[in-house]
Protein chains: 2
Amino acid sequence: MKKITILDIARELNITFSTVARALNDHPAISTNTKALVRETAERLGYTRNKIASSLRSGKTKVIGLIVPRLELSFFSSVIHGIEHVINANGYTLLLYQSRESIKREIKGIETFLQLQVDGIIASISLETTSYKHFTDLRKQKVPLLLFDRIIENADIPYVSINDYKGGFMATEHLIKQGYKDIVIISTNHKISIFQERLKGSIDALKFYNLPIREDLIFYGNPSREFGESCIRQLYQNGEKFDGIVTPEDYTALGAIQALKSYGLKVPEDVGVIGFANEAFGDYITPRLTTIDQQNIAMGEQAASLFVKLIKSPDFYAQPIPKIIIDPILIPRESSVRKS
Amino acid sequence: MKKITILDIARELNITFSTVARALNDHPAISTNTKALVRETAERLGYTRNKIASSLRSGKTKVIGLIVPRLELSFFSSVIHGIEHVINANGYTLLLYQSRESIKREIKGIETFLQLQVDGIIASISLETTSYKHFTDLRKQKVPLLLFDRIIENADIPYVSINDYKGGFMATEHLIKQGYKDIVIISTNHKISIFQERLKGSIDALKFYNLPIREDLIFYGNPSREFGESCIRQLYQNGEKFDGIVTPEDYTALGAIQALKSYGLKVPEDVGVIGFANEAFGDYITPRLTTIDQQNIAMGEQAASLFVKLIKSPDFYAQPIPKIIIDPILIPRESSVRKS
DNA sequence: CTGAAAGCGCTAACAA
DNA sequence: TTGTTAGCGCTTTCAG
């Protein structure tokens, strides 16, 4: 079965293919009658528009490339939900690429997208990414780029993110207000700004409430269940006194809780734990995990809306570069709330 | 900054653009010298191949469309991991579309993919899907299609799946062997074959071990946490005697466990529960959830490998249609193992 | 080993 | 309101 083109439809109706093209694109200068005829014939012959051809000609693909670190994090799958919704509603299709936290793959993804002539790229950078050339180059090439959550600050690239400083502050403040005093801060050794901001927020919260900043209670590592466990192990082995744990994200918190349990410590009675990101599993575990919500779907929708808006304007990178900062929300659950 | 094309490179080197094209495609009839020269110039000028143009000409896009119900299920994100790996290694790119369990969106996804001239489609059907025309039509149009996990049987479409009958049997048998006797089977009201097979397997296990099949202990609904809870609530309200629960997937099992807990019943002491799919959260909850693993990554890799193999053959739908059936694996964890 | 030339299916400017 | 025509950037056949 040969593929049907506008030429086939034209031949069938004894008109030229450009009339057919116009009819299919709902061009105002075509009679309603011809349009109906063309549509009907298209339907009957089983015509499918060849977007490749129209993209080549028009220079627009109506495809947006999306780079996320990994789909396994429910944060990203929810954001995608939001993005996809808005993007599709505006006639765009999403092309997805996972960097798997590798800068090499991130670069590969951008390359692939450029070859495919995507109309723009939305991305959240990998944990490994410390050099930003592959992103700043896009700006030079005038390829629309918008970052979300894991953003690059001061790069004149539009972004949507949460106020991570505030999130860190809120998380720590929450533990303090629940009466926890010796607070361990688990942070990361990644240079990514969101984690740095969260850490700053945590430290400022301690300061604000006149609690000492103890370097021996601050950990730096690769956020993960394993790292959460290992921090608790170290604390335990060093005989440190502590009763609260602030983590950079929920998996680290999960690991911490599991390790605490294994040492016979009760959460939240003996130790309060708070995560970050509101991963889906946090609501299922025992005790249910207190965390900071990043308004995932809203973040996705706002990112996509902003992107769509900018891409319509004559210069995507016109000054000032818009930056949307969303407020984090504290989700208090069992892991940090002592039954009084 | 104007986009660089092979013409620019040709002009720069005083050769024709067709030589440049051949050089870039590593054509055997081009001297190593010219190739080097062309590559170097391409690099220097910042050339990016326009895949849209080459796709239009060659009729191949090297893009595979993937339709999954939803990314939030870790089963799908893991399978995607496997698929992406193999697909990329073979020079293809993945275009992702979520049906969100809606047949309407599923059809929309296929349409989008066809317009984009993807080289083929890999899909797992939505729960809502009972009519298969949009899939069987692909076969008629000779568009390569491969299904995984949620497949359509007897449609002459290649697929990769697990032996769901065996999975259902194993799950039920496991509970029986653990000493549970009054076993509730939660199934679904979806027509999808995988759930039907699991149910059959469960029932046959009861038969095999000479346990009665009690229709009042079989539930049909929409697999979800809520449905799991509601089944337990009904059982409780009806005063049914039961001590084992087989579920169609892990979220239903999660709901069941939570409801059981709320009624003061202990899992696994009073009631044993087994899930299906080995969702990531199952390992985090208390008690840790016994489940059936579907070898997600392997499934993805096998699906992609088979697809790549078939797409290279002259006729994708040549008889016999290959079907790969993977063995399910029982993952015994706390929710079904009584400490003796 | 390289060049010339046709054309993939569509959009859009210009004519009529 | 419709037709004519020229490409978009590349692949590929046929010549040389």
Side-chain angles (χ1 to χ4, degrees), chain A residues 1-39 41-42 45-63 91 112-119 141, chain B residues 1-39 41-42 45-63 91 112-119 141:
Chain A
M1 188 159 94
K2 195 188 146 287
K3 277 209 181 130
I4 306 298
T5 73
I6 45 173
L7 251 150
D8 298 305
I9 301 177
R11 213 168 311 147
E12 189 87 4
L13 293 171
N14 269 316
I15 52 179
T16 51
F17 71 95
S18 54
T19 304
V20 174
R22 276 186 283 242
L24 291 172
N25 288 324
D26 209 17
H27 190 101
I30 297 290
S31 74
T32 356
N33 187 35
T34 319
K35 278 184 190 168
L37 230 54
V38 167
R39 294 225 176 102
T41 318
L45 299 181
Y47 168 77
T48 319
R49 138 183 281 149
N50 185 332
K51 277 211 177 188
I52 294 294
S54 62
S55 295
L56 176 60
R57 185 56 236 251
S58 68
K60 297 262 159 281
T61 52
K62 286 292 200 171
V63 172
T112 308
F113 283 165
L114 289 181
Q115 292 192 354
L116 291 172
Q117 315 292 120
V118 296
D119 285 352
Q141 293 171 58
Chain B
M1 188 159 97
K2 195 189 146 286
K3 277 210 180 127
I4 306 298
T5 73
I6 46 173
L7 252 151
D8 298 305
I9 301 177
R11 213 169 309 147
E12 188 87 3
L13 294 171
N14 269 316
I15 53 178
T16 50
F17 70 96
S18 51
T19 304
V20 174
R22 276 187 283 240
L24 290 171
N25 288 324
D26 209 19
H27 191 103
I30 297 290
S31 73
T32 355
N33 188 34
T34 317
K35 277 183 192 170
L37 230 54
V38 167
R39 294 229 174 98
T41 317
L45 299 181
Y47 169 79
T48 317
R49 143 184 283 156
N50 185 332
K51 278 211 177 186
I52 294 293
S54 62
S55 294
L56 176 60
R57 183 59 237 249
S58 67
K60 297 261 160 281
T61 52
K62 285 290 196 175
V63 172
T112 308
F113 284 165
L114 289 181
Q115 292 193 355
L116 291 172
Q117 315 292 120
V118 297
D119 285 354
Q141 292 171 57

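By convention in this document, chain letters (A, B, ...) are assigned in the order of the sequence lines, proteins followed by strands, and residues within each chain are numbered from 1.
Between A:S58 and C:dA12 there is no side-chain N or O to OP1 or OP2 distance below 4.0 Å. Close to D:dT11, at under 4.0 Å from its OP1 or OP2, lies a side-chain N or O of B:R49. Put simply, A:Y47 has a side-chain N or O that comes within less than 4.0 Å of OP1 or OP2 on C:dC10. Proximity of B:T19 to the phosphate of C:dG3: a side-chain N or O atom is located under 4.0 Å from OP1 or OP2. Remark: A:N50 is not in phosphate contact with C:dC8, judged by side-chain N or O atoms under 4.0 Å from OP1 or OP2. Side-chain N/O atoms of A:S54 include none lying less than 4.0 angstrom from OP1 or OP2 on C:dC10.
Between the axis at the start and the axis at the end of the helix from C:dC1-D:dG16 to C:dA16-D:dT1 there is an angle of 40°, using five pairs per end and rounding to 10 degrees.
Along DNA chain D, the nucleotide nearest A:I30 and the nucleotide nearest A:F17 are compared for position; the residue whose nucleotide lies closer to the 5' end is A:I30. If you find the closest nucleotide of DNA chain C to A:R22 and to A:L7, the one lying nearer the 5' end belongs to A:L7.
Look at NE2 on A:H27: it is 12 Å from P on C:dT11, rounded to the nearest Å.
Here B:T34 lies in heavy-atom contact (under 4.0 Å) with sugar-phosphate atoms only. Counting any heavy atom pair closer than 4.0 Å across all strands shown, A:I15 reaches sugar-phosphate atoms only and no base atom. Among the heavy atoms of the strands lying under 4.0 Å from B:S18 is at least one base atom, whether or not backbone atoms are also near. Using a 4.0 Å heavy-atom cutoff across all strands shown, B:I52 reaches no nucleic acid atom at all.
A donor-acceptor distance shorter than 3.5 angstrom exists from the side chain of A:T61 to the backbone of A:Q117, with no hydrogens or angles considered. The backbone N or O of A:S54 lies less than 3.5 Å from a partner atom in the side chain of A:S58, making a donor-acceptor pair.
Here A:K35 pairs with A:D26 in a salt bridge; the nearest charged N to carboxylate O distance falls below 4.0 Å.
Side chains of A:N50 and A:T5 form no contact here, defined as non-hydrogen atoms less than 4.5 Å apart. Contact annotation: the side chain of B:Q141 approaches that of B:L114 to within less than 4.5 Å [non-hydrogen atoms, C-beta and beyond]. At a threshold of 4.5 Å between non-hydrogen side-chain atoms, the residues B:R49 and B:I6 do not count as touching.
Nearest nucleotide to the A:N25 side chain, out of D:dT4, C:dG3, C:dT11: C:dT11. Comparing D:dT1, C:dA12, D:dT11 by their nearest atom to the side chain of B:I6 picks out D:dT11.
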**OP:** Verify side-chain contact (heavy atoms from CB on, under 4.5 Å) between B:D8 and B:Y47, making sure each step is shown before the conclusion.
**Re:** CA-CA 9 Å; B:D8 298 305; B:Y47 169 79; over 6 Å; no
